[in-house]
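Heads up, the thing below is written out as structure tokens.
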Protein chains: 2
Amino acid sequence: MGSSQARRMPVMADVAREAGVSHQTVSRVLNEHPNVRSETRTRVLEAIDKLGYRRNLVARALVTKHSRTLGVVSFDTTLYGPASTVYGIEQAARAAGYFVSIVSLKSIDRSGVRDALDYLADQGVDGIVVVAPQRSAAQTLADLAPGVPIVAVEGGEAGDVSVVCVDQVEGGRLATEHLLALGHETVWHVRGPSDWLEAEGRVAGWRAALAQAGRAAPEPLAGDWSPRSGYEAGRSLASMAGVSAVFVANDQMALGVLRAFSEQGVKVPDQVSVVGFDDIPESEFFSPPLTTIRQDFDAVGRNSIEVLLRQIEGEGPRACERLVVPPSFVVRASTARA
Amino acid sequence: MGSSQARRMPVMADVAREAGVSHQTVSRVLNEHPNVRSETRTRVLEAIDKLGYRRNLVARALVTKHSRTLGVVSFDTTLYGPASTVYGIEQAARAAGYFVSIVSLKSIDRSGVRDALDYLADQGVDGIVVVAPQRSAAQTLADLAPGVPIVAVEGGEAGDVSVVCVDQVEGGRLATEHLLALGHETVWHVRGPSDWLEAEGRVAGWRAALAQAGRAAPEPLAGDWSPRSGYEAGRSLASMAGVSAVFVANDQMALGVLRAFSEQGVKVPDQVSVVGFDDIPESEFFSPPLTTIRQDFDAVGRNSIEVLLRQIEGEGPRACERLVVPPSFVVRASTARA
DNA sequence: GGGAAGACTGTGAACGTTAACAATGGGTCC
DNA sequence: GGACCCATTGTTAACGTTCACAGTCTTCCC
């Protein structure tokens, strides 16, 4: 207290003077260069401590050309899936000593993704993770400003860029096979928006399972991931005859379906079985507790950072990896024998 | 295609040469300095375009001492509240031309917050928003590395640092008064963890409303925000006599309470009325749809950036602001006349 | 026509770090 | 004992931008 603007932050030269060495020796101590006499090292360390010196990472980044910052582009981090993935990414990145700079897109159009990418590249990030599971986003990645490594999460086919994703097709298949195994004649599906690769994958898994069992696939009902859209789909389903099993593409919509059924007096699981997707923390406490497919978002986040760092730090030509995380099945009380 | 490593990025000097001016003139064009002949400006702009030049923000930050990056420290961005707040912050920051660097804490202890703050300060952020509504976090902010402006979201009393928050006490009061107005003798409360300021505020509002109406306040039941803890509290409440109205400190726990009541055959709202807090997207589709207190996380995010920027860009002594966002009341179907 | 004000442009020096290279000193090996 | 190596340290020059200041060229006024 006292001086209005504490005297200027000490720099490396100040530490050097204090310790009676050159600034380069200070730099060497900071960077753990092996060839520094241990007595010198302690002297420098003491000086650093005494002066309260902190290395200026901006200056460092300027000369090394590495910011130790990773960029994350995501769509609507308010949703549980993206939020969890970003969280996993952030944890993994920090553990690896990287900062995380984030851009949340409100809507995904080609130019939005491109802008976000440019924006992050300008800032000098060492690599970028794109959590944007829409087809439109995935395509944009192909023709990106080169030079900065990229990993796509849930990124579809991926011509040129590495991808980490959950096996959505397998998830859809698991859900459907479970319902079929319970003796249901066929399985209805409330799908996610058609622009989303995840939605497509789940539809594909559902179709495949039905086809394999030789059952007809009813027309899927369209949703937009929101509980409301699930509710509306639920009302439609409740009014239709012969619906005994529904696979809903995410837990939020499943909640809406459950609500609609409950309003219409349709008992779950007595009259209709319902399976969701995601396993959000709430699912276990739905009425009834929801049987669902769990995605390990944490693993996705961790893996994407691993792949990205391999690209950043690795030598040689950038191999384009594709890493698939398996989903798992969580049985609760919303499904029953037909 | 072709060169394995595209030739080095052009720098300002390259643009200058191309346009036949000095590097300083290029800088002036980039920074929209008024005294540049418009013909010169176009020439520079063309050169920039032709070369595909992009300004190096790291070098710029080194000399200006401003990174145009804001730090965000948050606790568990997987929860709806923090996620929404961070989202609002990010949108507002980007709109103001700032990058956002984020640190998500797994648990909040004094040293965790301090480390996060140091970490961000090292990176050279121009300001920090701390979304850490625990008392322990709030206290740490007081004795922080000075020099970098800070705003606390949901930060409690705040000796020295600006705070933006939702009026939790008012929220608790609204919920309780609503239930009292419906004719309930008293209102039970499932509270959040005691370390959280938000939990305290809601308890205080609930107590105040009961006291004002001259009613006795039953012992609150402890929860940890999770649906499971709500479920357990719900089981206790279901087994107790004379419970007709419950104010639950967040929607997730309210879901657990609803589930427990449903299992025990307690009808909501016929036998017991329930009010939640947050208004998460799911609440509208609970069984029954939940009456709750809505927090405008978006406004909180926007306001916190406004306050922070005022501190960063404003001249003069840093005024310590306190901005309170009012909660609003959402009536749905989980409450009824006693 | 002399001078001053202002518009426009250029030159050199920061900013704080790491990289590259040079210098010193002590030892080892033959 | 001289060549050579290695550990340790210092010196100088980048990195790519903005800032401070110094020009130059108009223009305008008396």
Side-chain angles (χ1 to χ4, degrees), chain A residues 5 7-45 47-48 51-69 97 99 121-126 147, chain B residues 5 7-45 47-48 51-69 97 99 121-126 147:
Chain A
Q5 192 67 292
R7 78 176 134 291
R8 95 178 198 299
M9 289 278 285
V11 299
M12 214 172 245
D14 299 321
V15 175
R17 198 172 321 113
E18 175 76 25
V21 297
S22 74
H23 64 123
Q24 177 64 308
T25 297
V26 177
S27 171
R28 275 191 271 254
V29 170
L30 253 25
N31 293 315
E32 287 167 343
H33 187 99
N35 291 349
V36 177
R37 199 148 43 108
S38 85
E39 193 240 332
T40 311
R41 188 194 319 281
T42 28
R43 201 140 39 88
V44 170
L45 257 19
I48 287 176
L51 267 41
Y53 167 78
R54 317 218 62 180
R55 160 159 63 182
N56 182 329
L57 293 186
V58 173
R60 177 176 220 235
L62 177 59
V63 51
T64 60
K65 305 206 181 293
H66 295 303
S67 58
R68 292 201 77 79
T69 298
F99 295 94
D122 269 5
Q123 197 199 9
V125 297
D126 295 343
Chain B
Q5 191 68 292
R7 79 173 134 291
R8 97 177 197 298
M9 290 279 283
V11 299
M12 213 171 247
D14 299 320
V15 175
R17 197 173 320 113
E18 176 75 25
V21 296
S22 74
H23 63 122
Q24 177 63 325
T25 297
V26 177
S27 170
R28 275 191 271 255
V29 169
L30 253 25
N31 294 313
E32 285 166 347
H33 187 100
N35 293 349
V36 176
R37 201 152 39 113
S38 85
E39 193 240 332
T40 311
R41 189 194 320 281
T42 27
R43 201 141 37 90
V44 170
L45 257 19
I48 287 176
L51 267 43
Y53 166 78
R54 318 218 62 180
R55 162 158 60 181
N56 181 329
L57 293 185
V58 173
R60 176 175 220 231
L62 176 60
V63 49
T64 60
K65 306 206 180 292
H66 296 302
S67 59
R68 291 201 78 79
T69 297
F99 296 93
D122 270 4
Q123 198 200 9
V125 296
D126 294 342

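Residue numbering restarts at 1 for every chain, and letters A, B, ... go by the order of the sequence lines.
- In terms of the side-chain contact (heavy atoms from CB on, under 4.5 Å) criterion, residue partners of R28(B) (sequence neighbours excluded) are, by chain and number, Q24(B), T25(B), H33(B), V36(B).
- Taking OG1 of T40(B) as the reference point, atom CG of N35(B) lies at 11.5 Å (rounded to 0.5 Å).
- For the pair R55(A) and L57(A), the minimum side-chain heavy-atom distance is below 4.5 Å.
- The shortest distance between side-chain heavy atoms of D14(A) and R17(A) falls below 4.5 Å.
- Atom CD of E18(B) is separated from atom CG of L51(B) by 5.0 Å, given to the nearest 0.5 angstrom.
- Axis angle across the helix from dG1(C)-dC30(D) to dC30(C)-dG1(D), with five pairs used at each end and values rounded to 10°: 40°.
- A pairwise comparison of heavy atoms in H23(A) and M12(A) identifies O-SD, 3.7 Å as the closest pair.
- Residue V58(B) is classed as having no contact, given no heavy-atom separation below 4.0 Å to the nucleic acid.
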What N/O pairs connect the protein and nucleotides 5-7 of chain C at under 3.5 Å? Give each pair on its own line.
none

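- Proximity of N56(A) to V11(A): side-chain heavy atoms (C-beta onward) are nowhere separated by under 4.5 Å.
- Atom NE2 in H66(A) sits about 18 Å away from atom P in dT17(C), given to the nearest Å.
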What does the list of N/O pairs under 3.5 Å between the protein and nucleotides 14-17 of chain D look like, with a distance for each?
| residue | atom | partner | partner atom | Å |
| --- | --- | --- | --- | --- |
| dC15(D) | O3' | K65(A) | NZ | 3.1 |
| dG16(D) | OP1 | K65(A) | NZ | 3.2 |
| dT17(D) | OP1 | Y53(B) | OH | 2.3 |
| dT17(D) | OP1 | N56(B) | N | 3.2 |
| dT17(D) | OP2 | M12(B) | N | 2.7 |

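- The main-chain N or O of S38(B) is found under 3.5 Å from a side-chain atom of T42(B) such that the two form a donor-acceptor pair.
- The shortest distance between side-chain heavy atoms of L30(B) and Y53(B) falls below 4.5 Å.
- When all heavy atoms are compared, the tightest approach of D126(A) to S67(A) is OD1-N, 3.0 Å.
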Tabulate atom names and distances for all N/O pairs under 3.5 angstrom spanning the protein and nucleotides 20-27 of chain D.
| residue | atom | partner | partner atom | Å |
| --- | --- | --- | --- | --- |
| dA20(D) | N6 | Q24(B) | NE2 | 3.1 |

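- Counting to the nearest Å, the P atom of dA7(D) and the CD atom of E39(A) are 19 Å from each other.
- Rounded to a whole Å, the CD atom of Q123(B) is 17 Å from the C1' atom of dG16(C).
- T25(A) has a side-chain polar atom (N or O) that falls below the 4.0 Å cut-off from OP1 or OP2 of dG10(D).
- A heavy-atom distance below 4.5 Å is found between the side chains of V21(A) and R43(A).
- When all heavy atoms of Q123(A) and V58(B) are compared, the pair lying nearest together is O-CG2, 4.0 Å.
- Whole-Å rounding puts the R37(A) CZ to dG26(C) P distance at 11 Å.
- For R60(A), the side chain to side chain donor-acceptor pair (under 3.5 Å) test picks out N31(A), with sequence neighbours left out.
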